[in-house]
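What follows is a single structure, written as C-alpha cells, with notes after it.
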Amino acid sequence: MSKQRVLSGVQPTGNLHLGNYLGAIRNWVEIQQQYDNFFCVVDLHAITVPHDRATLADNTYKVAALYLACGIDLAYSTIFIQSHIPAHSELTWLLNCITPLNWLERMIQFKEKALKQGENVGVGLLDYPVLMAADILLYDTDKVPVGEDQKQHLELTRDIAVRVNDQFGSKDKPVLKLPDPLIRTEGARVMSLTDGTSKMSKSDPSEMSRINLLDPPEAIAKKIKRCKTDPVKGLEFDNPERPECNNLLTLYGLLSGKPKSEVAIECQDMGWGQFKPLLTETTIEALKPIQEKYQMIMSDRDYLKSILRDGRQKAEAVANETLARVKSAFGYSTPL
Ligand code: TRP
C-alpha cells in the first residue's frame, strides 16, 4: 500500500520563530517517515499583505534552508517553492470561479487581517484561502498538518473540493480528493514572551515577544531574562491565572524533550530566578544544532538551489496532472 500524502507550508515572512518550529515544522519532522510529504514555502501567500521586494527571494530561500536544518529529510519529503510552480496560481483561478464570495467573507483570519490593514485590503487577502486550497488539492493530499488557526481554511478547502466534485465529477469518479486535517495530539501552542495569552507571532512589533530560530545565544538570554512572569513562587501548568507560567513550562518541556509530568515535578518548587537560566540554557542547546546546520546549508547556495530544483520537478509532475484533470472536468479543450 502506498503512503498517504501530507502537504503543508509556511510563509516566508521574516524570521521563523519557536512558534513556527514547535507548532509546525517539528511536527512535520516527527511524522515524515509515515507519509509521502510535500512541504512548500508559500511565497505567493506572502504578497497578500504589502511586502518588501528586496527581501522576498532571500526570505524564501532562508525558510527552505530552515526546513532542512530542522530535520526535513529528502528521503521522505519534497521541498519546493510555491511560486516556482505556475499550477498553484492557475488552479486558484479555476477554484475562484466556483467559490461563493460569502464563503471567503466569513473567514475569521480575513476579518482580522483586513481590520489590521485598514484601507489597504487587496483582493489577494480575501482570496488567500482559495490559494491555500489550490496548494492542498493539487497534490491529492490526504493529511494537512495545521494549527488551530488554520482549521477554518481547511474546512473551506473541503467545501470547495465537494463543490467541484458535485458540479464536475461523477459519483464514482471525483475530480478532487478531500483532505483531512492532522491535528497534533501534544498541545504546542507557543505563546508570546510578553503576553502569555496571545500567540507568538511574526507580526508582533516587539522582538522581545518571540525567540527566532536564528537568534544568537545572547539574544535568547536577554529575551528570557526580560520575559513576562508573575510574582508567585513555585511553577505550575494549566493555572488560568498564570498563562506566562504555563507557556514557559511548556516551552521548557518541548525543548528539553521531557514529558509534562516530569517538568511539573522538577519545577514545582522553583522560583523564576532558578527557572529562567535553566530555560535559557535548554533553548540555546536545542537551537544550536539547527543553527549550525542552517549555516552549513546557506554557505552552499548551489546545493540548496539544486534541492529546490529537484523539489520543483517532483512537485510539478504531480501538480500538473491534477490541474489537467480539473481543466478537463471543467470542459476545457486540451492545449494544442
Ligand atoms: N495559511 C497557512 C499558515 O499561515 C500557510 C499555508 C499556505 C498552508 N498554504 C498551505 C498550510 C497549505 C497548509 C497547507 O499557516
Side-chain angles (χ1 to χ4, degrees), residues 1-11 24 27-28 31 34-40 42 44-45 48 78 82 85-114 123-184 315-334:
M1 217 182 78
S2 65
K3 286 178 176 174
Q4 286 203 324
R5 186 162 291 154
V6 156
L7 179 134
S8 200
V10 168
Q11 288 194 49
N27 300 304
W28 305 352
I31 60 162
Q34 301 164 53
Y35 295 100
D36 172 27
N37 313 277
F38 286 83
F39 297 121
C40 55
V42 291
L44 295 171
H45 281 100
T48 54
T78 302
Q82 183 192 34
I85 302 187
H88 288 252
S89 304
E90 193 172 351
L91 183 61
T92 300
W93 175 255
L94 300 174
L95 299 180
N96 274 339
C97 296
I98 62 102
T99 303
L101 182 59
N102 67 6
W103 287 9
L104 298 180
E105 288 168 336
R106 277 207 296 269
M107 293 292 115
I108 294 160
Q109 199 172 70
F110 168 70
K111 289 194 264 189
E112 284 173 0
K113 286 190 181 175
V123 176
L125 192 63
L126 179 70
D127 205 26
Y128 178 114
V130 181
L131 177 59
M132 179 165 162
D135 296 340
I136 295 166
L137 297 171
L138 272 177
Y139 296 89
D140 289 332
T141 303
D142 296 289
K143 296 264 153 52
V144 186
V146 283
E148 232 11 78
D149 64 322
Q150 294 298 314
K151 257 173 87 177
Q152 197 187 26
H153 290 162
L154 202 67
E155 276 154 27
L156 180 88
T157 302
R158 289 173 58 94
D159 290 342
I160 292 174
V162 167
R163 201 168 163 92
V164 169
N165 290 342
D166 284 351
Q167 290 184 16
F168 305 108
S170 56
K171 251 229 171 74
D172 47 317
K173 228 174 149 229
V175 185
L176 294 168
K177 185 173 215 171
L178 298 198
D180 287 308
L182 195 65
I183 304 290
R184 54 182 174 265
E316 197 162 38
V318 180
N320 285 349
E321 215 178 285
T322 310
L323 179 64
R325 196 170 75 225
V326 175
K327 286 176 85 171
S328 151
F330 274 43
Y332 279 103
S333 58
T334 336

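Here the side chains of Leu44 and Ser89 are in contact, with some heavy-atom distance below 4.5 Å. Within the 4.5 Å cutoff, side-chain heavy atoms of Gln109 are placed close to those of Gln150. Annotation: side chain of Met132 is in contact with side chain of His45 (closest heavy-atom distance under 4.5 Å). Inter-residue side-chain proximity for Pro181 and Leu154 is flagged as met; some heavy-atom pair is nearer than 4.5 Å. Counting only heavy atoms from C-beta outward, the side chains of Leu137 and Leu95 approach each other to under 4.5 Å. In this structure the side chain of Ile98 reaches within 4.5 angstrom of the side chain of Val164, judged on heavy atoms.
Surrounding CD of Glu105 are more than 12 heavy atoms belonging to other residues, nucleotides or ligands, all under 6.0 Å away. Counting non-hydrogen atoms of neighbouring residues, nucleotides and ligands closer than 6.0 angstrom, the NZ atom of Lys151 reaches no more than 12 such neighbours. More than 12 heavy atoms of other shown residues, nucleotides or ligands fall within 6.0 angstrom of atom CZ in Phe330. No more than 12 heavy atoms of other residues, nucleotides or ligands sit less than 6.0 Å from atom CD1 of Ile108.
A donor-acceptor distance shorter than 3.5 angstrom exists from the side chain of Arg325 to the backbone of Val175, with no hydrogens or angles considered. Between the side chain of Asn320 and the main chain of Ala87, no donor-acceptor pair closer than 3.5 Å is present. Listed for the Thr141 side chain is a donor-acceptor partner under 3.5 Å among the backbone atoms of Ile136.
Atom CG of Asp140 is separated from atom CG of Leu7 by 11.0 Å, given to the nearest 0.5 angstrom. Put simply, CG on Asn96 and CG on Asp127 are 4.0 Å apart, with the number rounded to the nearest 0.5 Å. The CG atom of Asp135 sits 7.0 Å away from atom OG1 of Thr92, with the distance rounded to the nearest 0.5 Å. Residue Gln152 holds its CD atom at 10.0 Å from CG of Asp159, rounded to the nearest 0.5 Å. Considering CG of Leu138 and CD1 of Ile85, their distance stands at 8.5 Å, rounded to 0.5 Å. Annotation: the span from Leu91 atom CG to Ile160 atom CD1 amounts to 9.0 Å, rounded to 0.5 Å.
Between Lys143 and Asp180 there is no salt bridge, since no side-chain N of the basic residue sits under 4.0 Å from a carboxylate O of the acidic one.
Taking the six-membered ring for Trp and thresholds of 30 and 60 degrees, Trp28 and Phe39 have nearly parallel ring planes, at less than 30 degrees apart.
Every side-chain contact (heavy atoms from CB on, under 4.5 Å) that Glu90 has, sequence neighbours left out, goes to Leu323, Lys327. Qualifying salt bridge (charged side-chain N to carboxylate O under 4.0 Å, His left out) partners for Asp149, counting only residues two or more places apart in sequence or in other chains: Lys199.
Leu182 pairs with exactly one of Ile31, Asp142, Val146 by the side chain to side chain contact (heavy atoms under 4.5 Å, CB included) rule, that one being Ile31. Here the rule is side chain to side chain contact (heavy atoms under 4.5 Å, CB included) with Thr48, and of Val123, Leu125, Leu126 only Leu125 fits it.
When every heavy atom of Leu156 is checked against every heavy atom of Met107, the shortest pair comes out as CD1-CE, 3.9 Å. Contact record, Arg5 with Phe38: NE-CE1, 3.3 Å, taken as the closest heavy-atom pair. Nearest heavy-atom pair across Cys40 and Gln82 is CB-N, 4.5 Å. When all heavy atoms of Ala161 and Lys177 are compared, the closest pair comes out as CB-O, 4.5 Å.
Ring centroid separation for the pair His88 and Tyr139 comes in under the 6.0 Å cut-off.
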